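Note sheet for the following structure.
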Amino acid sequence: MRLATWNVNSVKQRMPRLLPWLDERRPDVVCLQETKLADDAFTALLGEELAGRGYEVALHGEAAWNGVAILSRVGLDDVVAGLGDDAPGFPHPEARAVSATCAGVRVTSVYVPNGRTPDSEHYRYKLAWLAALREQVAAAGSATSVVLGDINIAPADEDVFDPEAYVGQTHVTPPERAALAELEALGLHDVVRERWPGERVFTYWDYRAGMFHQDLGMRIDLVLAGDEVAARVRAAWIDRQARKGKGPSDHAPVIVDLDEAPDGDIGPVVPPPSAPAARRGAKKLPQAP
DNA sequence: ATGGCTGAGTTGCTCAGA
């Protein structure tokens, strides 16, 4: 099963990049952020294109800002928009999280608040929002959960092109990193960093001043997988191709491939009748209920 | 030189992003 997350920075503007990318990478589950569309506008724009590719869609959007979605062609159950009734919002509730169960995995697509500056109310909101996210993941059970999205925190200094350039800025402050560490302490693995220890791997590059072409970026889009999901990771990488060329988002997608679950929804793997085990009448394989 | 792009609505400008 292939999971992906992508901050598209306006799904309307990104249509000419998103649809070919879906056809090329063929992800089974896609978490989108910064869709910047109300749900009815999203459906009017993309509903048929996505249905034609076999995707069911869970939306939590609003006009102009924020907005998250999950696309799945392996099932989409128990959809929950947001982080609960008393989730923090500043200045009002914002569309920043949506969850669904896809092939037995509890998937949450998140767009963590930016925080703007460390002395701002937006920053305090960011920390409160992260605490609410942690509560929701804890309640769902972390082992079969995966949180994917624009976390808006660089986990460590190696996740920014120049730590000196970020002193005093959001995304790198100790309280933000502590909030991320508390989330991970539920048992979530940063699967891209675990796959590429010590490597220079970024997911975001400012549009300005040729930052992408100089590879001056940050790693702020993460896939945080619970123990059972993390144990199935076969590949985890950042799709830099999608940041190149005409009309890209300023974020690149992150793609994670999982082995089939031991008790996956695809059913047990049984040999065909002509297989040696069947002909020999060897040990019976476990049967599905 | 806190700018440099890009996107959206309050458009011919402002705000936000990170």
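Letters go in sequence order (proteins before strands), and every chain restarts at 1. Please read all numbers here as calculations on a predicted model, not as lab measurements.
Of the listed nucleotides (dC15(B), dA18(B), dG9(B)), dG9(B) has the atom at the smallest distance from the side chain of Ala63(A). Residue Arg116(A) places its side chain closer to dA16(B) than to any other of dG3(B), dA16(B), dG9(B). Listed candidates were dG9(B), dA18(B), dG7(B). Nearest to the side chain of Asp150(A) is dA18(B).
For the pair Met15(A) CE and dG7(B) C1', the interatomic distance rounds to 16 Å; values are reported in whole Å. If you take OH of Tyr207(A) and C1' of dG7(B), they are 8 Å apart, rounded to a whole angstrom. Nucleotide dC5(B) holds its C1' atom 14 Å from the CD atom of Gln13(A), rounded to whole Å. Protein atom CE of Met211(A) is 15 Å distant from nucleotide atom C1' of dT6(B), rounded to whole Å. Atom NZ of Lys12(A) is separated from atom P of dA8(B) by 7 Å (rounded to the nearest Å). If you measure from atom CG of Asp250(A) to atom C1' of dG7(B), you get 10 Å, rounded to the nearest angstrom.
Checking side-chain atoms of Arg17(A) against main-chain N and O of Ala242(A) turns up a donor-acceptor pair under 3.5 Å.
Remark: Asn7(A) is in phosphate contact with dA18(B), judged by side-chain N or O atoms under 4.0 Å from OP1 or OP2. Under 4.0 angstrom from either OP1 or OP2 of dG7(B) there lies at least one side-chain N or O belonging to Arg14(A). Between dT2(B) and Gln169(A), no contact under 4.0 Å exists linking OP1 or OP2 to a side-chain N or O. An OP1 or OP2 oxygen of dT6(B) is reached within less than 4.0 angstrom by no side-chain nitrogen or oxygen of Ser249(A). Taking side-chain N and O atoms only, His251(A) has a distance below 4.0 Å to OP1 or OP2 of dA18(B). The shortest distance between the side-chain N/O atoms of Asn152(A) and the OP1/OP2 oxygens of dA18(B) is below 4.0 Å.
Taking the six-membered ring for Trp, Phe212(A) and Phe202(A) have ring centres at least 6.0 Å apart.
Comparing the P positions of dT2(B) and dG7(B) gives an interatomic distance of 25 Å, to the nearest angstrom. dT11(B) sits 15 Å from dT6(B) when the C1' atoms are compared, rounded to a whole Å.
The aromatic rings of Trp6(A) and Trp21(A) sit tilted, their planes meeting at an angle between 30° and 60°. Ring geometry for His251(A) versus Tyr204(A): interplanar angle of 30 to 60°, hence tilted.
In this structure Asp150(A) satisfies the side chain to side chain donor-acceptor pair (under 3.5 Å) test together with Asn7(A), sequence neighbours excluded.
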